[in-house]
Amino acid sequence: MERQPEPGAEPVAFSAQTRLSGVDFSGTRLRKGATDAVEAFVGAPADRALRAKVDEIARSGGTPLLVAENDRILGAIHLKDVIKPGMRERFAELRAMGIRTVMITGDNPLTAAAIAAEAGVDDFLAEATPEMKLDYIRKEQEGGRLVAMCGDGSNDAPALAQADVGVAMNLGTPAAKEAANLIDLDSDPTKLIEVVMVGKQLLISRGALTTFSIANDVAKYFAILPAIFVAGFPGLGVLNVMGLSSPQSALLSAVIFNALVIFALIPLALRGVRYAPASAAALLRRNLTIYGLGGLIVPFVGIKAIDMAVTALGLV
């Protein structure tokens, strides 16, 4: 059963700007929040012993919250975020894909640094307000970077709307869901790894097929063009670098090879090119080497072999 507030009590809601919350009743003001926010509320710093305890909590990766009554600090609360198992490995996968991970949090710098080190993120932004999150994303975008943002709170809504890809958690607030492009029904931000992998595999497969097709056509022209125009332009005979037997055998060999290579590419088109985490430059080099260079070499070998076969069989 939900406890009802005391008669005459006035709750003070938490906000990213004040960084504290509480309640006022019967002349008493209770507050709970970030260390500096509560110190500003009471108008005095915490004593040395309490400050040392707050720093100890923060360095351990916990979130220290101070509790105050009127102008007196009562003590500290230790909150601890539990890092999901395997998060460091998941972030390492993103790093291998060339994706830089940044944790944006309202925690103090000591807590943020400890959690970032434990989780294995590349960078962090501590004590972040909604305006700071928005400015950070805009700065990254101005540098030519594509930014994806995961969030679940109302304070994340402006940043989710600004990001190139905004992903809200299903357990998040309505404001976050409205601002995002996608909603993760499982509320698992590491699912972005699978999303990125599928997207990259689709792009790589399309690029591989296109690269092979263009290179393949270039090679086939060395068989087809001399065969078609050599009678009218004898000088084109120098393009017959394959040493094909005759114009007729060259055309027939090219047609047969084209039919065979289309059939051979069907499994590749259906299955796709397997994606292995790597930088964009490394993936481009791999595609050009395998499908670009391969697309040039295979037709030369294949058409020449077919030409020798059709000539030996006396088909032309």
Side-chain angles (χ1 to χ4, degrees), residues 1-46 50-51 53-55 57-58 61-83 102-112 114-115 124-138 149-163 166-181 183-185 187 189:
M1 180 177 179
E2 184 179 354
R3 182 177 177 180
Q4 298 299 317
E6 295 291 335
E10 296 182 8
V12 177
F14 174 85
S15 74
Q17 285 72 31
T18 63
R19 299 171 60 226
L20 51 75
S21 61
V23 62
D24 296 340
F25 64 95
S26 304
T28 300
R29 299 186 302 163
L30 294 177
R31 295 292 186 273
K32 176 192 69 178
T35 301
D36 55 344
V38 173
E39 288 177 334
F41 170 76
V42 301
L50 183 57
R51 200 54 158 144
K53 190 63 179 179
V54 165
D55 290 343
I57 294 172
T63 301
L65 299 178
L66 292 186
V67 179
E69 179 181 1
N70 296 330
D71 59 354
R72 184 168 63 99
I73 298 177
L74 301 179
I77 298 173
H78 182 174
L79 298 181
K80 175 65 176 178
D81 290 326
V82 178
I83 305 298
V102 180
M103 181 182 73
I104 303 179
T105 176
D107 286 328
N108 67 61
L110 285 176
T111 301
I115 295 175
F124 66 89
L125 178 65
E127 296 181 342
T129 63
E131 294 79 13
M132 291 171 65
K133 297 176 184 181
L134 187 60
D135 290 341
Y136 186 90
I137 289 178
R138 284 174 175 168
M149 167 77 181
C150 290
D152 59 3
S154 299
N155 295 330
D156 296 323
L160 286 168
Q162 178 64 35
V167 182
M169 301 298 102
N170 192 40
L171 297 177
T173 63
K177 295 179 183 179
E178 288 290 334
N181 304 108
I183 298 176
D184 181 2
L185 297 180
S187 295

| said: Main chain of Ser154, side chain of Thr173: is a donor-acceptor contact present, judged purely on distance under 3.5 Å? | reply: yes
d(Asn155 CG, Leu134 CG) to nearest 0.5 Å is 12.5 Å
Heavy atoms of Ala112 and Thr105 approach each other most closely as CB-CG2, 3.7 Å
- Message: Between Asp156 and Lys177, does any NZ, NE, NH1 or NH2 come within less than 4.0 Å of an OD or OE carboxylate oxygen?
- Response: no
Given side chain to side chain contact (heavy atoms under 4.5 Å, CB included), test Arg51 with Thr35 step by step and report yes or no. CA-CA 9 Å; Arg51 200 54 158 144; Thr35 301; 2.9 Å; yes
Please tell me if the side chains of Lys32 and Val38 come closer than 4.5 Å, counting only heavy atoms from C-beta onward. no
Correct closest heavy-atom pair for Ile77 and Ile57 would be O-CD1, 4.4 Å
### Message
Side chains of Arg29 and Val12, heavy atoms from C-beta outward: is any pair under 4.5 Å?
### Response
no
| field | Close side-chain approach of Pro158 to Ile137, heavy-atom, < 4.5 Å | value | no
Say whether, by atom type as modelled, one donor and one acceptor occur between the side chain of Asn170 and the main chain of Ser187 under 3.5 angstrom.
no
Between the CE atom in Met132 and the CD1 atom in Ile104, the distance rounded to the nearest 0.5 Å is 9.0 Å
Pair Arg31, Leu74 - check side chain to side chain contact (heavy atoms under 4.5 Å, CB included), show working. CA-CA 10 Å; Arg31 295 292 186 273; Leu74 301 179; over 6 Å; no
All heavy atoms of Gly62 vs all of Thr111, minimum pair found to be O-OG1, 2.6 Å
Rounded to the nearest 0.5 Å, the CG atom of Leu185 sits from the CG atom of Leu171 at a distance of 10.0 Å
Between Val102 and Tyr136, is the side chain to side chain contact (heavy atoms under 4.5 Å, CB included) condition met? List the steps. CA-CA 10 Å; Val102 180; Tyr136 186 90; 3.4 Å; yes
Residues Asn108 and Leu110: closest non-hydrogen pair is OD1-N, 3.0 Å
- Item | Whether Glu39 side chain and Ala46 backbone form a donor-acceptor pair below 3.5 Å | yes
Residues Arg19 and Ala37: closest non-hydrogen pair is O-CB, 3.8 Å
Heavy-atom closest pair (Leu160 atom, Ala168 atom, distance to 0.1 Å) is CD1-CB, 4.4 Å
**Report entry** Heavy atoms of other groups near Glu178 CD, more than 12 under 6.0 Å
**Finding:** no
- request: Measure the shortest side-chain to side-chain distance between Leu66 and Phe41 over non-hydrogen atoms and say whether it is less than 4.5 angstrom.
  value: no
Rounding to 0.5 Å, atoms CG (Asp135) and CZ (Arg138) come to a distance of 6.5 Å
Rounded to the nearest 0.5 Å, the CG atom of Leu65 sits from the NE2 atom of His78 at a distance of 10.0 Å
